[in-house]
There are 2 protein chains.
Amino acid sequence: MAAKRRRTAQQEHAADVATYVAAGGEESVQRVITALFSVTKKLDQWYVRQFADLDLTQGEWSVLAALARAGDTCLTPSQLADLSNVAPSSMTHRLDKMAGRGLLQRRPDESNRTRTLVSLTTDGWALFSAAVRESNVVESDTLRDLSDTERHELARLLEIVIAGLDDIEA
Amino acid sequence: MAAKRRRTAQQEHAADVATYVAAGGEESVQRVITALFSVTKKLDQWYVRQFADLDLTQGEWSVLAALARAGDTCLTPSQLADLSNVAPSSMTHRLDKMAGRGLLQRRPDESNRTRTLVSLTTDGWALFSAAVRESNVVESDTLRDLSDTERHELARLLEIVIAGLDDIEA
DNA sequence: ATCGAATATTTCGTCATCGAAGTTCGACTT
DNA sequence: AAGTCGAACTTCGATGACGAAATATTCGAT
């Protein structure tokens, strides 16, 4: 039962923020960033479990999702490596395995033969869809205490952040 | 210049959400979750770069941060593995390395000699503090388009989510 | 008191990932 | 038109992470 916990997640979170502030972080920044990672960390744990049912690692999922988001457009191994936050050399073996399972296919780019074009197979799309519907369950649970208005507001604020992300690294 | 991009991050994000919804996800859920991971993914990229300056991998950072958040309380390797989202067996070598660098120390627990207690050294605390101040820079940049009121609201909404996290897995 | 189950840590074999070097191809220069 | 530079992908050696088994200690039951 939840009442047995000595410290609630809220108190835990507040203490963590205090630690980062004491070490030199700004309060208004750390409060948001720490909360962000608390949520995604829990989500990551659940993804590992759920994807195991589908014989899918997080690395494979990131490839699957990147290709699905690209829609009809084929992607190159380099692009997939970028989108998956992984070294290009790591993508070779990962694509080998996934192609072996029939999730995707590689074909040479006719217009530029140094490139390889990767696209999802029907099985790949089916697995993507299954994974989305599975993960939507825990994601929905995660947000269950937020009203529709609050979800909308949360999305709006995060989208403001996203809009500014690409201009920062310059 | 930002105007050169064909699709803005906003449009990209909207298209991604549409893909997940088409695959069977709920719109109000996917809009939030997708945005969440967009932000943390970019942050992760920056952390890798910044921590490289301090000779720190993300795995080592998670150990450092967990010990710092624990404050005076010592943690066991198992607890650190849980908090870092890695297998307990992976923690052994990681602690070996960090102890070798003088960042932390291991000592046997007198009251239960199957346990080992890990705590930060002065050097460990110093590195933690340096890392927090470094990462606060990009984190602050990330939130630069949000007003104080908006940051507060964003933190508030995320904290609602956090408060419900522990009751879900049951 | 002793035996058995449970917990905490480490060791070991295997696989994934990384960075660097190698290979092949396209683009640009002269 | 040949040569050089750069880009894309792969191969290779080394490091890190995982799961299963081994070791050591505690707790509970007979």
Side-chain angles (χ1 to χ4, degrees), chain A residues 41 44-53 55-64 66-67 70 73-101 103-119, chain B residues 41 44-53 55-64 66-67 70 73-101 103-119:
Chain A
K41 187 176 150 191
D44 275 335
Q45 287 175 3
W46 289 327
Y47 287 148
V48 171
R49 281 202 238 166
Q50 298 234 337
F51 288 163
D53 300 340
D55 254 307
L56 206 61
T57 66
Q58 293 192 83
E60 289 162 346
W61 161 250
S62 74
V63 172
L64 211 60
L67 286 169
T73 314
C74 290
L75 294 177
T76 68
S78 304
Q79 291 174 316
L80 285 168
D82 271 347
L83 294 168
S84 304
N85 267 355
V86 86
S89 62
S90 306
M91 197 50 66
T92 301
H93 181 57
R94 201 184 274 183
L95 293 178
D96 283 347
K97 257 189 64 184
M98 297 181 73
R101 278 180 65 183
L103 298 176
L104 51 83
Q105 53 202 350
R106 274 189 278 199
R107 64 184 177 80
D109 183 347
E110 300 302 335
S111 70
N112 182 341
R113 279 159 44 204
T114 65
R115 290 207 181 101
T116 304
L117 296 178
V118 182
S119 57
Chain B
K41 187 175 148 192
D44 276 334
Q45 288 176 3
W46 290 326
Y47 288 148
V48 171
R49 280 201 239 165
Q50 298 234 336
F51 289 163
D53 299 340
D55 254 306
L56 205 62
T57 66
Q58 292 192 85
E60 290 162 344
W61 162 249
S62 73
V63 172
L64 211 60
L67 287 170
T73 313
C74 290
L75 295 176
T76 69
S78 304
Q79 291 174 316
L80 285 168
D82 271 347
L83 294 168
S84 305
N85 268 354
V86 299
S89 61
S90 306
M91 196 50 65
T92 301
H93 181 58
R94 202 184 273 184
L95 293 177
D96 282 346
K97 256 190 66 185
M98 296 179 72
R101 276 180 65 184
L103 299 175
L104 50 85
Q105 52 201 351
R106 274 187 279 200
R107 64 185 179 79
D109 183 347
E110 300 302 335
S111 71
N112 183 341
R113 278 157 45 204
T114 66
R115 289 205 181 104
T116 304
L117 296 179
V118 182
S119 57

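The chains referred to below are lettered A, B, ... by the order of the sequence lines, with proteins before strands, and numbering in each begins at 1. Values in this document were obtained by computation on a predicted structure and should not be read as measured data.
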(request) Please report the closest heavy-atom contact between Cys74(A) and Arg107(A), naming both atoms and the distance. (result) SG-NH2, 3.9 Å
(message) Nearest whole Å is fine: how far is dC15(C) P from Asp96(A) CG?
(response) 15 Å
(message) Does Glu60(B) form a side-chain contact (heavy atoms from CB on, under 4.5 Å) with Leu103(B)? I'd like the steps, not just the answer.
(response) CA-CA 10 Å; Glu60(B) 290 162 344; Leu103(B) 299 175; over 6 Å; no
(request) Calculate the interatomic distance between Arg106(A) atom CZ and dC9(D) atom C1'; express it in whole Å. (result) 9 Å
(request) Would you tell me if any nitrogen or oxygen in the side chain of Thr92(A) comes within less than 4.0 Å of OP1 or OP2 on dT10(D)? (result) yes
(message) Set out, in order, the CA-CA distance, both residues' side-chain angles and the distance that settles side-chain contact (heavy atoms from CB on, under 4.5 Å) for Val63(A) and Leu83(A), then state yes or no.
(response) CA-CA 8 Å; Val63(A) 172; Leu83(A) 294 168; over 6 Å; no
(message) In this structure, how many angstroms lie between the P atom of dC27(D) and the CZ atom of Arg113(B), rounded?
(response) 12 Å
(message) Heavy atoms only, 4.0 Å cut-off, all strands: where does Thr57(B) land among base, sugar-phosphate and nothing?
(response) nothing
(request) Report the residue (Arg115(A) or Ser89(A)) whose heavy-atom-nearest nucleotide on DNA chain D is the more 5′ of the two. (result) Arg115(A)
Which atom pairs link the protein and nucleotides 14-16 of chain D when you take only N or O atoms and keep those under 3.5 Å?
| residue | atom | partner | partner atom | Å |
| --- | --- | --- | --- | --- |
| dG16(D) | OP1 | Lys97(B) | NZ | 3.0 |
| dG16(D) | OP2 | His93(B) | NE2 | 3.1 |

(request) Starting from P on dA8(D), measure out to CG on Leu80(A) and report it in whole angstrom. (result) 13 Å
(request) Could you tell me whether Thr116(B) contacts a base, only the sugar-phosphate backbone, or nothing, with contacts defined as non-hydrogen atoms closer than 4.0 Å? (result) sugar-phosphate
(message) Using whole Å, what does the distance between atom P of nucleotide dC27(D) and atom CG of Asp109(B) come to?
(response) 11 Å
(request) Using atom CD of Glu110(B) as one end and atom P of dT25(D) as the other, report the distance to the nearest whole Å. (result) 13 Å
(message) If you compare every side-chain N and O of Thr114(A) against the phosphate oxygens of dC25(C) (OP1, OP2), does one of them come in below 4.0 Å?
(response) no
(request) Report yes if some heavy atom in the side chain of Thr76(B) is under 4.5 Å from a heavy atom in the side chain of Thr116(B); otherwise report no. (result) no
(request) Could you please name the option among dC18(C), dG19(D), dA8(C) that lies closest to any side-chain atom of Ser90(A)? (result) dC18(C)
(message) Please pick, from dG19(C), dG26(C), dC18(D), the nucleotide with the shortest atom-to-atom distance to any side-chain atom of Ala87(A).
(response) dG19(C)
(message) Nearest 0.5 Å, please: how far is CE in Met98(A) from CE in Met91(A)?
(response) 9.0 Å
(message) I need the CG-P distance between Asn112(A) and dA7(D), as an integer number of Å.
(response) 12 Å
(request) Give the rounded distance in Å between these two atoms: CD of Gln58(A) and C1' of dA16(C). (result) 14 Å
(message) If you assign Leu117(B) and Asn85(A) each to the DNA chain C nucleotide with the nearest heavy atom, which residue ends up on the more 5' nucleotide?
(response) Leu117(B)
(request) Measure across Gln58(B) and Asp44(B) and return the closest heavy-atom pair with its distance rounded to 0.1 Å. (result) OE1-OD1, 3.4 Å
(request) Apply the test side-chain contact (heavy atoms from CB on, under 4.5 Å) to residues Leu80(B) and Val118(B): give CA-CA distance (whole Å), side-chain angles for both, the deciding distance (0.1 Å), then the verdict. (result) CA-CA 9 Å; Leu80(B) 285 168; Val118(B) 182; 4.0 Å; yes
(message) For dA8(C) and Thr76(B) - does any side-chain N or O of the residue sit under 4.0 Å from the phosphate oxygens OP1/OP2?
(response) no
